[in-house]
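As structure tokens, the structure follows; a few thoughts come after it.
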Amino acid sequence: MDAMRPSPHLFENMHMAAPTIICSSTATNAMVSFLTMNAVTVSCSNRLSSKHSASKRMMPGRSFMVAILTFTDGIQHCFDMFVALLPKGLYSPWDFSIWMVSIKNAVSEKMVGKTVQVRGWVYRTRSSGGIAFVVMRDSTGIAQVTVKKGSVPDEDFVSATDNGIESSAIVEGTVAEDKRAPGGYEIRASRFILVGKAEPFPITEYQSTELLLDLRHLWIRSREQTAIMRIKDSLLRGARNWFHENDYTEVTPPIITGVAAEDSTSLFQIKYFDRIAFLSQSAQFYLESLIFSCDKVWALTPSFRAEKSRTPRHLAEFWHLEMEAAWLTNEENMQVQEQMVTAMLHNVADECPDELAMFKRDPAALKKIVPPFDRMPYGEAMQYLQGKGFDMSWGDDLGAVEERELTKDRTIPMFVVNYPKELKPFYMKENPDDPRTYKNSDLLAPEGFGEIIGGSERETDNELILERLREKGEPLENYSWYLDLRRYGSVPHSGFGLGTERIVTWICGLDHIRDAIPFPRTVSRVFP
RNA sequence: GCCGUCGUAGCUCAGUCGGUAGAGCGUCCGCCUGUUAAGCGGAAGGUCAACGGUUCGAACCCGUUCGACGGCGCCA
């Protein structure tokens, strides 16, 4: 059984207590219970190690990838029991005689000369009679696996040469430094076990937008799409952490609703039992209700817009990050926005330098984005654009072209504040310094990108709200509960909504917002 | 809602003046023990988006429909 015991010096630079057992598996409830009962500490050895505490990821039923299990005592006994708990049929005894590592960890200096096992998918295959070069990928990276005839069982050599792109496989081999290998390291295989042989993969090196959208469920395996998802994950964690640290309560507003938050935007209608309801286009009204108990709230929910938009900035379904707080002025609202956005950007700069590099985005440059952001009144923006030759006057909206002009030479986001009332929805608070305008702001991302946040102080005077609703011909009964909020202990309050996919699109420099979400919903796309 | 572009092999595309279908990649078969989007030899693979019209003859010209993509507006 000594062969099954990992050599203790392998992870010596990872500050792990010896003895350790390394395995890769999917955690089952039984396994997690076992680990807990035996006071086993668990750490992840892949890229998650520095960013996530293993305890958070080891909740019952959650999966984990590569774990280092440090048993407090009785290692062999624990190991045997642990193996007995593993899902049947997935593991053969030799699975545990070598080091199961992520591909990124496998092809590295510290593993040279070590025998490793990696699991992943075939990225590319080249074979030449007696030798095959199989580039494998997993969630952490890619590595060339060299498979020589005679160095592996015959059936393994067949597997290495006769598979398709995206076949899944388990590879065992020795890590070697080799200048001829992409990246400088390769795995010289002693086993190559095909787990799931892939049919000819429909995505080849020539790809059209249309094909990639039709095969979205397969295209999201690409390295670029994977990096985008990681960046989105990191940006959202940055926001969530910021809200938590600043005493905001995360709340869960409804998705099905009976009222339009912004009259101008069309809603998706759904059949709701024996009547009609709508998919929410904003949680704002519900968040406004919740500030009376929670004071400062935020939510991340899908929002739906039935506009037949055909632009690189719009989705029919997007993830809306919204915040609302009592006693908050619009100036304070903007301070929240610039601090939260900064937290998002700094978090992704810390967590995702490799992913950002794929999009030529410099983490150090993101770190230079700090509050305060410029605040430019609408009137001033108008004058600036007129000076640039734009033929427009007071009351004209800032469209994509105008926002591009305002931000193209900037590296830090900017606010445009106090828009004319006719351009914005009824619930905003009148600006006492210029009653033609509201106390509102749009946050424009730099580099010509444009709007990522819209926010405002909210109107608290029901008479003014009713007047505006009547002007727009809105059925007042839809707003009865919203008006109630002003009847029982109304307070000044403000909030905003951020388009999650918009900030991802900006940070990654994407051509189109649909790549900022795994399964984009647009006017022409609901499949896959 | 408005403006524009495009539908030819599994994929990316070419197809001249209207004369009956081409390439590369992929796939399949064979060769090759250091490939880097490997290479070499061979093979299979098409209702030219659909429908209608003009013509002796249509992938090509005309019309309609469908689908997709690009831009504007709406917004986040």
Side-chain angles (χ1 to χ4, degrees), chain A residues 123-135 142 144-152 157 160-162 164-165 176 178-184 186 188 198-215 261-267 281-284 300-323 337 396-404 419 423-425 441-445 449-455 496-506 511-514 516-517 522-525 527:
Chain A
Y123 191 69
R124 185 160 289 130
T125 307
R126 294 177 285 270
S127 69
S128 175
I131 185 168
F133 302 95
V134 184
V135 180
I142 62 173
Q144 173 167 287
V145 177
T146 308
V147 188
K148 287 186 179 177
K149 199 170 192 171
S151 300
V152 297
F157 188 75
T161 52
D162 183 24
I165 301 287
D178 195 313
K179 286 192 288 290
R180 296 168 295 187
E186 66 181 16
R188 292 177 180 161
E199 295 173 28
F201 202 62
I203 302 174
T204 58
E205 61 253 57
Y206 303 110
Q207 304 132 349
S208 62
T209 306
E210 186 178 349
L211 179 81
L212 296 181
L213 288 170
D214 286 342
L215 300 176
E262 295 179 37
D263 44 351
S264 60
T265 310
S266 39
L267 295 157
Q281 57 177 350
S282 169
Q284 180 193 321
L300 177 64
T301 57
S303 279
F304 303 87
R305 304 281 165 94
E307 290 286 341
K308 291 189 173 177
S309 304
R310 279 208 63 89
T311 83
R313 306 177 301 284
H314 291 85
L315 291 166
E317 176 187 58
F318 67 98
W319 285 83
H320 208 168
L321 198 163
E322 294 171 280
M323 160 270 177
Q337 291 169 51
D396 289 341
D397 206 355
L398 305 180
V401 179
E402 291 79 17
E403 290 185 355
R404 197 171 300 136
Y419 281 70
L423 296 179
K424 294 292 177 184
S441 61
D442 281 357
L443 181 64
L444 310 186
F449 186 84
E451 183 175 357
I452 54 174
I453 291 180
F496 66 84
L498 175 146
T500 303
E501 288 76 18
R502 288 237 175 127
I503 197 168
V504 171
T505 303
W506 163 49
D511 294 334
H512 201 294
I513 195 169
R514 64 182 160 221
I517 189 166
T522 63
V523 64
S524 58
R525 290 280 171 191
F527 181 92

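So that the names make sense, note that chain A is the first sequence line, chain B the second, and so on, each numbered from 1.
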Notebook entry, point to check: With a centroid cutoff of 5.5 Å and a plane-angle limit of 30°, would you call A:Phe318 stacked on B:A76?
Noted result: yes

Next item on the list: Check every strand shown and say whether A:Pro202 touches a base, only sugar-phosphate, or nothing at a heavy-atom separation below 4.0 Å.
Entry: nothing

Notebook entry, point to check: Does B:A68 pair with anything, Watson-Crick or G-U wobble, both distances under 3.5 Å, and if so, with which nucleotide?
Noted result: B:U5

Next item on the list: Classify the nucleic acid contact of A:Thr500 as base, sugar-phosphate or nothing, counting any heavy atom under 4.0 Å across all strands shown.
Entry: nothing

Next item on the list: Indicate, with a heavy-atom threshold strictly under 4.0 Å, whether A:Ser309 touches base, sugar-phosphate, or nothing.
Entry: base

Next item on the list: Give one of base, sugar-phosphate or nothing for A:Gly399, where a contact means two heavy atoms less than 4.0 Å apart.
Entry: sugar-phosphate

Next item on the list: Please work out if A:Ala181 contacts a base, only the sugar-phosphate, or nothing of the nucleic acid, heavy-atom cut-off 4.0 Å.
Entry: base

Check: Just checking A:Leu315: base, sugar-phosphate only, or nothing, at a heavy-atom cut-off of under 4.0 Å?
Finding: base

Next item on the list: Using a 4.0 Å heavy-atom cut-off across all strands, classify A:Asp178 as base, sugar-phosphate, or nothing.
Entry: base

Item checked: Pairwise C1' distance, B:C25 and B:C3 [rounded to whole Å] -> 36 Å

Check: Does a side-chain N-to-carboxylate-O contact under 4.0 Å join A:Lys424 and A:Asp397?
Finding: no

Notebook entry, point to check: Using a cut-off of 4.0 Å on non-hydrogen atoms, how would the nucleic acid contact of A:Arg124 be classed: base, sugar-phosphate, or nothing?
Noted result: sugar-phosphate

Margin query: Any base atoms under 4.0 Å from A:Ser303, or only sugar-phosphate, or nothing? Heavy atoms, all strands.
Written below: nothing

